[in-house]
> 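My questions all concern the structure below.
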Amino acid sequence: MSRVLIVGAGLTGSLCACLLRREIPNKVKIVVWDKARGAGGRMSTSRSPSNATCTVDLGAQYITATPYYAQIHRSFYDELLAHEILKPLAAAVEGMNVKEEGLRNFVTPKGICSIVKHYLRESAGAEVCYEHHVTHIRQRGAGWEVQRAGGPAEQFDAVVLTMPVPQILQLQGDVSSLIDESQRQKLEAVSYSSRYAVGLFYDAGVQIDVPWAAKYITDNPCIRFISIDDKKRNLESPGCGPSVVVHTSVPFGLRHLEEAKEEVEPLILEELQKVLPGLPQPISVKCQKWRYSQVTGAVADCPGQMTLLSRPLLVCGGDGFTHSNFDGCIESALKVLDVLKSSL
């Protein structure tokens, strides 16, 4: 039985684990490592420190399906809808840019990370480990020796890398020597936007009186998007107050990227008071820096994956190899699965 390591417990990594379990259940031992304290990656949902039932989506806010992807990825949408992980977005989003007819928008009543958690649950028997930060990958005979920060090295027959592309390029060991010049040029050309997200949690009974559930802001240098998150998700949680998420603009995120988030948070909250005067005082605040928020330029001429070595298999995937949304991650996971099945 082959031991396969998937690095990254975001959407692509969790879906790879799920599909691998479903397609070749008796041939693989699946291990998932993520450097964070929980699953989700950029599909992150944060809980109030004082009330675990009060949550806010700090990463992706909702999922948009084009008519094309709604058709070719129909089984994925149908599965998540059947489990009530996805529901149609019924709330008002002011300023939403509708570029194409037939778009369908979905929200996640239990938080955006519930999609990732569903796929990890479906990866029955997979060994999922958090706070496992991969630092070195070395070829050892017919397999890989993978080193993580503060832990022992482990052996694997195949490795799948689904973290942001710049983090792949930072890996030490044999990875750098395996990337040829053409691949390196393509990987180094990948670009991401950067931004901050702030979640605000409120006491039960607090009212935030605005006519929308979410709104895009066009006239503020700092704030680009605000969501009353429980309202956006049409969520009723007795004993839980409202939650608000604020996403900054990309220029603001880039300008403050190298600053500590504790220094940037007050700047964002100051601007928020200008956009929403009289906003109640939250009981707690969570600030998140997204250095790699959305892919603005993916790997060129690379449909979903890049194989760095076939034997033993070392393959890269994620939205950096397709496009930065739900369907891009599905496309990548399917391509990585094809490579794994051929190799294993």
Side-chain angles (χ1 to χ4, degrees), residues 6 8-26 28 30 32 38-47 52-53 55-57 59-93 96 100-126 128 162 213-214 227 229-238 240 304 317-319 322-338 340-341:
I6 298 171
L11 178 55
T12 305
S14 63
L15 184 52
C16 276
C18 172
L19 295 175
L20 198 55
R21 171 61 68 227
R22 290 176 178 177
E23 295 278 338
I24 45 175
N26 300 318
V28 290
I30 302 167
V32 181
R42 282 167 284 160
M43 301 186 80
S44 169
T45 303
S46 186
R47 298 184 183 278
T53 63
T55 63
V56 67
D57 288 330
Q61 293 297 300
Y62 52 87
I63 288 172
T64 300
T66 64
Y68 172 73
Y69 281 117
Q71 180 60 40
I72 67 168
H73 292 161
R74 181 175 176 177
S75 63
F76 295 95
Y77 285 98
D78 285 350
E79 177 181 338
L80 295 175
L81 287 164
H83 284 85
E84 297 187 335
I85 293 167
L86 287 186
K87 287 191 174 181
L89 171 63
V93 178
M96 180 184 286
E100 183 178 342
E101 289 186 12
L103 294 179
R104 298 177 66 194
N105 295 302
F106 301 94
V107 289
T108 48
K110 297 177 182 177
I112 199 74
C113 75
S114 62
I115 298 174
V116 172
K117 290 181 177 179
H118 169 75
Y119 289 133
L120 289 176
R121 283 194 302 271
E122 290 293 306
S123 311
V128 183
T162 70
S227 171
D229 234 30
D230 52 310
K231 191 174 178 180
K232 176 197 73 182
R233 291 186 268 157
N234 195 22
L235 187 64
E236 293 184 8
S237 297
C240 179
D319 58 354
T322 49
H323 41 94
S324 197
N325 56 25
F326 178 72
D327 290 291
C329 292
I330 293 176
E331 290 271 286
S332 180
L334 289 169
K335 296 296 185 182
V336 170
L337 176 69
D338 289 342
L340 283 164
K341 288 167 67 177

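Side chains are part of it too, since the values below use all heavy atoms of this structure and drop only hydrogens, waters and symmetry mates.
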> Is there side-chain contact between E331 and I72, with heavy atoms separated by less than 4.5 Å?
yes
> When rounded to the nearest 0.5 angstrom, what distance separates CG in N105 from OG1 in T64?
3.5 Å
> Taking NZ in K110 as the centre, count heavy atoms belonging to other residues, nucleotides or ligands within less than 6.0 Å. Is the count above 12?
no
> Measuring from atom CD1 of I115 to atom CD1 of I63, what distance do you get when rounded to the nearest 0.5 angstrom?
3.5 Å
> For the pair L103 and T66, evaluate side chain to side chain contact (heavy atoms under 4.5 Å, CB included) and give the outcome as yes or no after the intermediate values.
CA-CA 5 Å; L103 294 179; T66 64; 3.8 Å; yes
> Please report the closest heavy-atom contact between K232 and L89, naming both atoms and the distance.
O-CD1, 3.8 Å
> Identify the heavy atoms of P88 and V107 that sit nearest to each other, and give their distance.
O-CG2, 4.1 Å
> Tell me, with the steps shown, if T55 and R233 meet side chain to side chain contact (heavy atoms under 4.5 Å, CB included).
CA-CA 11 Å; T55 63; R233 291 186 268 157; 2.9 Å; yes
> For side chain to side chain contact (heavy atoms under 4.5 Å, CB included), just list the numbers for M43 and T108, CA-CA rounded to whole Å, side-chain angles, deciding distance to a tenth of an Å, and then say yes or no.
CA-CA 11 Å; M43 301 186 80; T108 48; over 6 Å; no
> Please give me the minimum heavy-atom distance between G318 and T12, naming the atom from each residue.
CA-OG1, 3.5 Å
> Taking all atoms of both residues into account, what is the closest heavy-atom pair of V116 and A39, and its distance?
CG1-CB, 3.9 Å
> The test is side chain to side chain contact (heavy atoms under 4.5 Å, CB included); show your working for T162 and V336 and say whether it passes.
CA-CA 10 Å; T162 70; V336 170; over 6 Å; no
> Mind checking side chain to side chain contact (heavy atoms under 4.5 Å, CB included) for K87 and listing every partner two or more places apart, or none if nothing turns up?
E84, P109
> Treating T45 as the side-chain partner and I112 as the backbone partner, does any N or O pair qualify as donor plus acceptor under 3.5 Å?
yes
> Compile the donor-acceptor pairs under 3.5 Å between side chains in residues 14-25 and protein atoms, sequence neighbours left out, one pair per line.
| from | atom 1 | to | atom 2 | distance (Å) |
| --- | --- | --- | --- | --- |
| S14 | OG | G10 | O | 2.8 |
| S14 | OG | L11 | O | 3.1 |
| R21 | NE | A124 | O | 2.6 |
| R21 | NH1 | P25 | O | 3.2 |
| R21 | NH2 | A124 | O | 3.3 |
| R22 | NH1 | E79 | OE1 | 3.2 |
| R22 | NH2 | E79 | OE2 | 2.8 |
| R22 | NH2 | E122 | OE1 | 3.0 |
| E23 | OE1 | K341 | NZ | 3.0 |

> Using a strict threshold of under 4.0 Å (side-chain N to carboxylate O), is an ion pair present between K335 and D338?
no
> Can you name the nearest heavy-atom pair linking C113 to G40, along with the distance?
CB-CA, 4.5 Å
> Side-chain donor-acceptor contacts of residues 322-330 below 3.5 Å, not counting sequence neighbours, with atom names and distances?
| from | atom 1 | to | atom 2 | distance (Å) |
| --- | --- | --- | --- | --- |
| T322 | OG1 | G328 | O | 2.8 |
| H323 | ND1 | N325 | OD1 | 3.0 |
| H323 | NE2 | Y69 | OH | 2.9 |
| S324 | OG | V295 | N | 3.1 |
| S324 | OG | D319 | OD2 | 3.0 |
| N325 | OD1 | D327 | N | 3.3 |
| N325 | OD1 | G328 | N | 2.8 |
| D327 | OD1 | H73 | ND1 | 2.7 |
| D327 | OD1 | Y77 | OH | 3.3 |
| D327 | OD2 | Y77 | OH | 2.8 |

